[in-house]
Amino acid sequence: AMLRLRLLTWDVKNTLLRLRQPVGESYTAEARAHGLRVQPAALGQSFREAYGAQSRRFPNYGRGQGLSSQQWWVDVVKQTFRLSGVHEDGVLTLMAEKLYRDFCSAHNWEVLPGAGETLSRCCQRGFRMGVVSNFDNRLEDILSQCNLRHHFEFVVTSEDVGFAKPDRRIFEKALRLGGVPPEQAAHVGDDYTRDYKAARAVGMHGFLLRAAGQGEEPEVPPEHLLPTLSHLLALIEK
């Protein structure tokens, strides 16, 4: 039977957009501009450590703890460089603020294959569309610069609402904005726990974007798995 869907919500990172290059490469290029030699692999490892520690200490960009997301990210960038042996405060601040701005633009993000076309076709079919993303408030700008913002009626970020996926409240907020009951909505994303399982837990349908060989989730029936975004409409309209 064809699903009676009225609303589609979308994850962004690694579903619609991806980084053009690994974080370590971007940070290395910025360091080089300041005459510093740091290896991309080392910076990538330092970034994962700094990001993980900051996320545990100040969840959801420090929103509940009096930090702005800009300050949260600037601290992560500085700590990333410190862990890689760069300690000069003036340079750390310059690099961190520059990288914060760079990651706000299409300079560092690219649209995944098939994403623009799939979003256009979903809009043409009359689906209402929104974004549900564990992202900071730069997301609106990033979507605009990557020419995707116009597809969506609303953009819900974890920083904005104060809850991060898989918390059910971020999905409930999207359902309120979309004005549809959960059984008439589906969420599309690449993360089994935060996207697929969390959407299903509030009664929404779920589609999991899973590139070939990415590991199988036994609980996901094949009709909910998307090898690429271009497969979505065929599954919805089966």
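Nothing here was measured: the structure is a model prediction, and the numbers come from that model.
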Check: [X]/[Y] side-chain N/O donor and acceptor closer than 3.5 Å:
{"X": "Q45", "Y": "R48", "value": "yes"}
{"X": "D11", "Y": "S133", "value": "no"}
{"X": "D75", "Y": "Q71", "value": "yes"}
{"X": "E219", "Y": "Y196", "value": "no"}

Does one hydrophobic cluster hold both [X] and [Y], with members joined at side-chain heavy-atom distances below 4.5 Å?
{"X": "F47", "Y": "L19", "answer": "yes"}
{"X": "L235", "Y": "W10", "answer": "yes"}
{"X": "F135", "Y": "L143", "answer": "yes"}
{"X": "L233", "Y": "M204", "answer": "no"}
{"X": "L208", "Y": "V132", "answer": "no"}

Between [X] and [Y], which heavy-atom pair has the shortest distance, and what is it?
{"X": "E97", "Y": "V74", "answer": "CG-CG2, 4.3 Å"}
{"X": "S26", "Y": "Q21", "answer": "OG-NE2, 3.0 Å"}
{"X": "L229", "Y": "G114", "answer": "CB-O, 4.5 Å"}
{"X": "L7", "Y": "M129", "answer": "CD1-N, 4.1 Å"}
{"X": "S120", "Y": "H151", "answer": "OG-CE1, 3.3 Å"}

Is there a side-chain contact between [X] and [Y], using heavy atoms and a 4.5 Å cut-off?
{"X": "R200", "Y": "P182", "answer": "no"}
{"X": "L232", "Y": "F207", "answer": "yes"}
{"X": "L8", "Y": "I236", "answer": "yes"}
{"X": "L175", "Y": "P181", "answer": "no"}
{"X": "E49", "Y": "Q79", "answer": "no"}
{"X": "L112", "Y": "T15", "answer": "no"}
{"X": "V23", "Y": "T80", "answer": "no"}

Problem - side-chain contact (heavy atoms from CB on, under 4.5 Å) between T157 and V161, intermediate numbers included - result: CA-CA 6 Å; T157 66; V161 299; over 6 Å; no

Exercise for the section: Compute both the distance and the angle, then confirm whether R121 meets the cation-pi test with F127: under 6.0 Å from the six-membered ring centre, within 45 degrees of the axis. Expected result: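 Here R121 fails the 6.0 Å and 45° test against F127.
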
Strictly below 4.0 Å, N to O, side chains only: are [X] and [Y] in salt-bridge contact?
{"X": "R125", "Y": "E237", "answer": "yes"}
{"X": "R210", "Y": "D190", "answer": "no"}
{"X": "D89", "Y": "K78", "answer": "no"}
{"X": "E110", "Y": "R20", "answer": "yes"}

Nearest-0.5 Å distance, [atom1] of residue [X] to [atom2] of residue [Y]:
{"X": "R194", "Y": "I170", "atom1": "CZ", "atom2": "CD1", "value": "11.5 Å"}
{"X": "R138", "Y": "S105", "atom1": "CZ", "atom2": "OG", "value": "9.5 Å"}
{"X": "K13", "Y": "L139", "atom1": "NZ", "atom2": "CG", "value": "12.0 Å"}

Problem - side-chain contact (heavy atoms from CB on, under 4.5 Å) between T28 and E25, intermediate numbers included - result: CA-CA 5 Å; T28 292; E25 302 275 353; 5.6 Å; no

Problem - Donor-acceptor under 3.5 Å (E88 side chain, G90 main chain) - result: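 A pair under 3.5 Å: yes.
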
Under 3.5 Å, sequence neighbours excluded: what are the donor-acceptor pairs made by side chains of residues 34-43?
residue: H34; atom: NE2; partner: E30; partner atom: OE2; Å: 3.1

Exercise for the section: Verify whether the ring centers belonging to F171 and H187 lie closer than 6.0 Å. Expected result: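 Centroid separation for F171 and H187: below 6.0 Å.
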
Exercise for the section: Compute the centroid of each ring, for Y61 and then for W72, and state whether the two points are separated by less than 6.0 Å. Expected result: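 Centroid separation for Y61 and W72: below 6.0 Å.
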
Practice task
Quickly, which of T193, D191, D195, N134 forms a side chain to side chain donor-acceptor pair (under 3.5 Å) with K165? Name it, please.
Solution key: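 Result: among T193, D191, D195, N134, D195 is the only option passing the side chain to side chain donor-acceptor pair (under 3.5 Å) with K165.
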
Exercise for the section: On the 0 to 90° scale, with breaks at 30° and 60°, tag the Y27-F81 ring pair as parallel, tilted or perpendicular. Expected result: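 The arrangement is parallel - the two ring planes meet at less than 30°.
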
Exercise for the section: Would you check, one step at a time, whether the test side-chain contact (heavy atoms from CB on, under 4.5 Å) holds for R149 with V131? Expected result: CA-CA 9 Å; R149 177 64 185 88; V131 162; over 6 Å; no

Handout entry: Chi angles and distances behind the side-chain contact (heavy atoms from CB on, under 4.5 Å) call for C146, L17
Key = CA-CA 8 Å; C146 294; L17 297 178; 3.9 Å; yes

